[in-house]
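To find a chain, count down the sequence lines: A is the first, B the second, and so on, and within it residues start at 1. From a predicted model like this one, the values you see are computed outputs, not experimental measurements.
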There are 2 protein chains.
Amino acid sequence: MLTIGQLAAYAGVTVRAVRHYHQIGLLPEPERDAAGYRRYRAAAVVSLIKIRTLADAGVPLSRIGQMLDADPAAFAEAVRRIDSHLRDEIQRLETSREQIAQLAAGDALALPSEVIAYLDRLRELGVSERMVEGERDGWILLAARWSDRVREFMPGKLAQLDDPRVVRLYRVLSEIFDDDDAGDDSRLEEAADLMACLAEQAHASGEINLGEEAYDDLPHDLLDSLAVEADPRVERLVELLRERGWSGWNRMERLAERPG
Amino acid sequence: MLTIGQLAAYAGVTVRAVRHYHQIGLLPEPERDAAGYRRYRAAAVVSLIKIRTLADAGVPLSRIGQMLDADPAAFAEAVRRIDSHLRDEIQRLETSREQIAQLAAGDALALPSEVIAYLDRLRELGVSERMVEGERDGWILLAARWSDRVREFMPGKLAQLDDPRVVRLYRVLSEIFDDDDAGDDSRLEEAADLMACLAEQAHASGEINLGEEAYDDLPHDLLDSLAVEADPRVERLVELLRERGWSGWNRMERLAERPG
DNA sequence: TGGGGGGTTGACGCAGCGTCAGGGTCAAGC
DNA sequence: GCTTGACCCTGACGCTGCGTCAACCCCCCA
């Protein structure tokens, strides 16, 4: 007759685990000796080993009981279900590993590599770190909704950076936002002029950039809010753009031409 | 400004999860509106997405906070640790899958394939199901301690089944145990004779079967107990064996020859 | 006779939320 | 103005598989 400690040691589990199996009715309580100690027969060791084998294989304790006294067909069926569940788990973890691998750099958090490349290009072009981080957060929002679409757009976005006016715009914006002096700034005007000019060109060449109708408006509103939160001067810029006939910030649209 | 439901939907999590992140201080509590509702800025969406990205990658919530405001070096180090942890997890699950794959048949529970083959051979030779199950449980005990050693012994055990006396022994034992009549049985004598004879031969040919000194005695005691538990007539058999100069059941040893 | 290494029950703790219970709020339709 | 349904709020328990006290009992050895 074995004590609980011997039983546990033989099956390679802790005493606490054995008691737990008793509690949930997975392993029957044995008889007690005069002192109230549990005394186990050899058969209990066999039961316990079977339980551990299934538990180690990932079977939840709540199902092990049923499995152990199921007929072979039901057992096999249960095994199949467990196995496919394990497969899914492994798949999930492997996906996680891939994601983790993307996280080596701080920027990579929740962003596809194409976007990282775009952000790095901005840095090369002299865009300020603060500005790049703002951009990054915007792309995080977009990537959360349409990560695959975002990838498709990146080549176009990269190409835009070959236009000196775009680069100039980014630099002016960098200066504006890096300058803690909140006063009215002539650079705001220059930025607004550049944006209007670029928007005009894009509009003329028929670019239906990003948008299309499939996209609901929530993310664009969010992007605009994000920009304003990051720097309230964005609001002033939006105002200046409106004066020039354009509404919005991330998605600019031509206003009805009332102010002749 | 977003409500908690909108925030959650945008980041692809549940409202409950967001509140949980507030509780543990992972996501800062936003301001409330007049009704006491939480109102979120766009930046909260970005934070939440970052949190989920790390959480989905298997980072425990308790570490996500630290990671998010760690410097790049510490972040990279944390990522490495997470990754190696994930690798271990995957390894563990794959081992589980292999084990699960062994469980297709009822017998396979916690037994290497060599033992399964041995048990199947017993069935072919006409050994009763009850007897085979008894054998199986014994092997489960042995395999739990020395699964690799057990594999080594199986060829020898299989070879023993080529000896007609061994087969005869198993059949006689099958008959004995299958017969619910507990009365004193002449077949017990035959079984004892066979066992003594085989033990004699094994001893003479110098077989140090299984044993060697490395094995502690616990498992053999357990095996004997298991047999007695399965059928008390084993006790009578042990007695008969003792009369013939042998002690034990699974591991038989020659007695000092006192009874001339 | 005391100490150390067993055993006993009972209870809380853990991670990451799910899921009530028992309220209040808001927008819309009657 | 009243109802309805979809949200929001806090608080609390539940789940899994045990780990880890606490407070006490028991046996064996010196």
message = Just the rounded figure in Å: distance from P of D:dC18 to CD1 of A:I24.
response = 8 Å
Nucleotide nearest A:R16 when distance is taken to its side chain, options D:dG19, C:dG18, C:dG16 = D:dG19
query = Hey, is A:R242 close enough to A:E239 for a salt bridge, meaning N to O under 4.0 Å?
reply = no
query = Does the side chain of B:M131 reach to within under 4.5 Å of the side chain of B:L122, using non-hydrogen atoms?
reply = no
task = Using a heavy-atom cut-off of under 4.0 Å over every strand shown, decide if A:R38 touches base, sugar-phosphate, or nothing.
result = sugar-phosphate
query = For A:R63, which contact category applies under a 4.0 Å heavy-atom criterion: base, sugar-phosphate, or nothing?
reply = nothing
ask   = Among C:dG7, C:dC17, D:dG17, which is the nearest nucleotide to the side chain of A:L61?
value = D:dG17
ask   = Which of the following nucleotides, C:dG7, D:dA12, D:dC18, is nearest to the side chain of A:Y37?
value = C:dG7
query = Are more than 12 heavy atoms from other residues, nucleotides or ligands located less than 6.0 Å from atom CD of A:E77?
reply = yes
task = Please state whether the phosphate of D:dT10, meaning OP1 or OP2, lies under 4.0 angstrom from any side-chain nitrogen or oxygen of B:R32.
result = yes
key: Short side-chain N/O contact from B:S62 to OP1 or OP2 of C:dA15, under 4.0 Å   = no
ask   = Within the pair B:T3 and D:dC8, is there a side-chain N or O less than 4.0 Å away from OP1 or OP2?
value = yes
ask   = Taking atom C1' of C:dG6 as reference, at what distance in whole Å does atom CD1 of A:I4 sit?
value = 12 Å
task = Looking only at side-chain atoms of A:A35, point me to the closest of C:dC17, D:dC18, D:dC27.
result = D:dC27
